[in-house]
Amino acid sequence: MLQIKNLHVKLEEEDKQILKGVDLTVKAGEVHAIMGPNGSGKSTLSYVLSGRDGYEVTEGSATLDGEELLEMEPEERAAAGLFLAFQYPVEIPGVGNMTFLRTAVNAQRKARGQEEMSAGDFLKEVRAKAKTLKIDAEMLKRPVNVGFSGGEKKRNEILQMAMLEPKMCILDETDSGLDVDAMKLVSEGVNALRDAGRAFLVITHYQRLLDHIKPDVVHIMANGRIIKTGGPELALEVENNGYADLLAEVQ
Amino acid sequence: MALPQAKQDALAARIAGLSFRREGWLGAARAEALARLTAMGLPAKRDEYWRYTDPSSLTAVEPPKAAVFDASDETAVFDGIDRLRVVFVDGVFDAAASDDLALAGVEIERLSQAGGADIHWARDVYGVLEARGQVPVERPLAALNSAFATDGLLIRVTGKAARPIALHYVHNSDSSDAILHHLVKLEAGAELTLLESGPGAARFSGVMEVEVAPGARFHHVRSQGRDHQRRAVTHIFARLGAGALFKSFTVTANGVLTRNEAVLELAGDDAVAHVAGAALGDGDFHHDDTVFVTHAAERCESRQVFKKVLKNGAVGVFQGKILVKPGAQKTDGYQISQSLLLDEDSQFLAKPELEIYADDVKCSHGSTSGAIDETALFYLRSRGVPERVAQSLLVLAFLAEALGEIEDEAIAEDIRQRLEGWLARHEH
């Protein structure tokens, strides 16, 4: 589903290479985790894939079901089925959460040539999905993420994911700022979306999220490259020994 | 102090062609207004409150030509609202297009017909609030309006008005020079919503004096829209009694020059006055909100909320003052003026002022200028919202606080559609 080949990325503003040849293949139905120390390029990878400004791809490609993502506008990538759950969800004063969700859902449907969802159907679906994430009606009415706690913001990301039904979901440190209960809730939300036609790329610092969202493949990223790939046991190894051994091994 | 000769000459030239009617109570009020005007002279760019806005096209003998604008591709503003409709074409009352001036709880007369009597309730309001509003800041164009207005409505509200009164100003001539003056007097406990759309003339001067008696409620929503070349100067003078409410909202979309002044006096305890505006300008657009709020009683609340969206060299001006007089304790004053600059060519000039002579008050003010929030824009786009739609959502979000000052939901929705229409026509 997602194929990243030899991806090199530098910051647009300064001459600083962040990604130095990332290769990664994620197949439909799989959950991949990327772990790595601070500054290894994990978040940059998520931003570059979703089309954020400020980065320059100097080499390589990233395709979603064969289509080159890097040439698309952010909204085209979303319509193609890519979703990024932000590490820091953005507050948008003045835009109601419900209006935002509905605009997004219908914009994607329109881009794919589908009929817009009726107000009634939308409401029914959003309420049902919000309920499983313990998001109350009040939160749906408020402006996007404004005054939300850290946990509420992350739940709101998962709600958006559930409504938009993307095929390739990237979770960027979705566990950061979550307590144990919130992490469980968010993980359940993610697990409910797992199916054969959908894939996940879970970026995290810690193994604990992977206790809840069980990955098929674990990658270790350091210094702009994936230095090791393995099964779930690799995450445990990091948890026990830190990154130092792995980094030494590569060097 | 006598005016310099040049100022005297400019004023004489400006008013030479205007008709001055002396009869009745109105004649006396006009003479007083003319005396005020003669003492002040016309405004000039050097005047303190005209530094950001060049008044020369407003004071010129002839108005600059303004092509008639056809806005028929959009439903007329307030069309969906059940209202009493009064139409002025280039400042001239249009009886055929207007409803009968009859409304339960309200007396409505035309200034041009009621001015000849010797005694009239309007005597105590006409030019009176305007004259009070000349201190400490002179507003010569308002005095000129009081002296030479050709028509307008005298509205006395004795109960709860059955439906809103809507004044529609139609622009039909490329050289029209309209001067209209309205009075609204709300008796104790009365309630009225007044709507205005226009301005409808090449050059439009409008004054509205509003007396809000104790416990009365006045809502005002105005749409100044789409007519690119017209110029307008408007003044609202309001005086509020104890526990009275005054709320005014204006949307301005386009117009080469607009100067909207609001002069509000909270004269009775526990009165509430809100004035808000949303202005959208693209290109040759100069929009000026000049507001003066005086707190002269205890426990009053005032809010000024002004938002401007500017692009392609459009200019926005805000001059807003809160004056808290001695003894006006427990005053709650709030003022915010913000601009969203959609490119680097546009300009926002703001002069917020506070002057406080009481010690137990709460006054806050803020003024900002900024661009679209790129992070929010990316967030929306990453969810599949096209860039153009995302920008519009963020612009509407920026205007939301001002729009929130309209209490009636149907009216607010109508205005919201104007904003969306403007955004669609002026894509980024």
Side-chain angles (χ1 to χ4, degrees), chain A residues 46-55 69 72-97 99-112 114 143-146 153 156-157 159-166 169-170 172, chain B residues 249 251 276-280 305-309 336-340 342 366 368-406 409 412-413 415-417 419-420 423-424 427-428:
Chain A
S46 71
Y47 287 142
V48 168
L49 291 175
S50 57
R52 189 178 180 136
D53 278 348
Y55 301 98
L69 282 173
M72 295 183 200
E73 296 294 334
E75 55 268 35
E76 293 169 342
R77 301 178 196 208
L82 186 77
F83 181 91
L84 169 65
F86 282 54
Q87 183 181 359
Y88 303 109
V90 181
E91 297 186 8
I92 314 182
V95 176
N97 210 14
T99 308
F100 163 60
L101 274 170
R102 198 165 163 222
T103 306
V105 166
N106 281 334
Q108 291 203 11
R109 294 177 77 101
K110 197 174 160 193
R112 296 190 203 112
Q114 296 165 326
V144 180
N145 293 325
V146 177
K153 283 181 181 171
N156 201 31
E157 294 291 288
L159 175 64
Q160 291 166 38
M161 195 164 87
M163 288 303 295
L164 294 168
E165 300 178 330
C169 310
I170 304 170
D172 186 10
Chain B
F249 171 90
V251 59
L280 305 109
V305 182
F306 288 92
K307 306 266 185 161
K308 297 180 201 287
V309 178
I336 184 96
S337 63
Q338 295 181 306
S339 72
L340 184 62
L342 296 179
T368 64
S369 259
I372 286 265
D373 179 350
E374 290 295 331
T375 316
L377 190 64
F378 173 66
Y379 189 62
L380 289 166
R381 293 178 69 191
S382 78
R383 298 303 181 244
V385 181
E387 187 174 12
R388 190 181 50 72
V389 179
Q391 284 215 13
S392 292
L393 266 179
L394 293 176
V395 172
L396 288 170
F398 167 75
L399 297 171
E401 186 185 1
L403 200 62
E405 289 294 327
I406 304 175
E409 290 213 355
E413 184 51 36
I415 297 296
R416 197 184 159 81
Q417 282 172 20
L419 300 173
E420 284 176 359
L423 288 168
E427 280 180 4
H428 316 294

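Values reported hereafter were calculated over all heavy atoms of this structure, with side chains retained and with hydrogens, waters and symmetry mates removed. In this text the structure is predicted, and so the values were computed from the model without any measurement. Chain letters run A, B, ... following the sequence lines, proteins first, then strands; residues in each count from 1.
- To the nearest 0.5 Å, atom CZ of residue Phe86(A) and atom OG1 of residue Thr375(B) are 9.0 Å apart.
- The pair Glu157(A)-Arg383(B) meets the salt-bridge criterion, since a charged nitrogen lies less than 4.0 angstrom from a carboxylate oxygen.
- For Gln114(A), the CD atom is densely surrounded, since the number of other residues' heavy atoms within 6.0 Å is greater than 12.
- The contact between Val144(A) and chain B is made entirely by side chain atoms (from C-beta outward), counting heavy-atom distances below 4.5 Å.
- The two residues Ala397(B) and Val95(A) come nearest to each other via the heavy atoms CB-CG2, 3.6 Å.
- Each of Ala107(A), Pro74(A), Ser50(A) has some count of heavy-atom pairs under 4.5 Å with chain B, and the biggest count is that of Pro74(A).
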(message) Let's go through Asn145(A) and Tyr379(B) carefully: what are the C-alpha distance in whole Å and the side-chain angles of both, what is the deciding distance for side chain to side chain contact (heavy atoms under 4.5 Å, CB included) to 0.1 Å, and is it a yes or a no?
(response) CA-CA 12 Å; Asn145(A) 293 325; Tyr379(B) 189 62; 3.3 Å; yes
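- To the nearest 0.5 Å, atoms CD1 (Ile92(A)) and CG (Leu380(B)) are separated by 4.0 Å.
- Of all the listed residues (Ala79(A), Pro89(A), Ala78(A), Gly96(A)), the one sharing the greatest number of non-hydrogen pairs under 4.5 Å with chain B is Ala78(A).
- Note that the OG atom of Ser382(B) and the CG atom of Leu49(A) stand 12.5 Å from one another [nearest 0.5 Å].
- The ring pair (Phe, Tyr, Trp, His ring centres under 6.0 Å) test applied to Phe398(B) returns no partner, not counting sequence neighbours.
- Contact of Arg77(A) with chain B is not made at all, since no heavy-atom distance falls under 4.5 Å.
- By number of non-hydrogen pairs under 4.5 angstrom with chain B, the leading residue of Glu73(A), Met161(A), Arg52(A) is Arg52(A).
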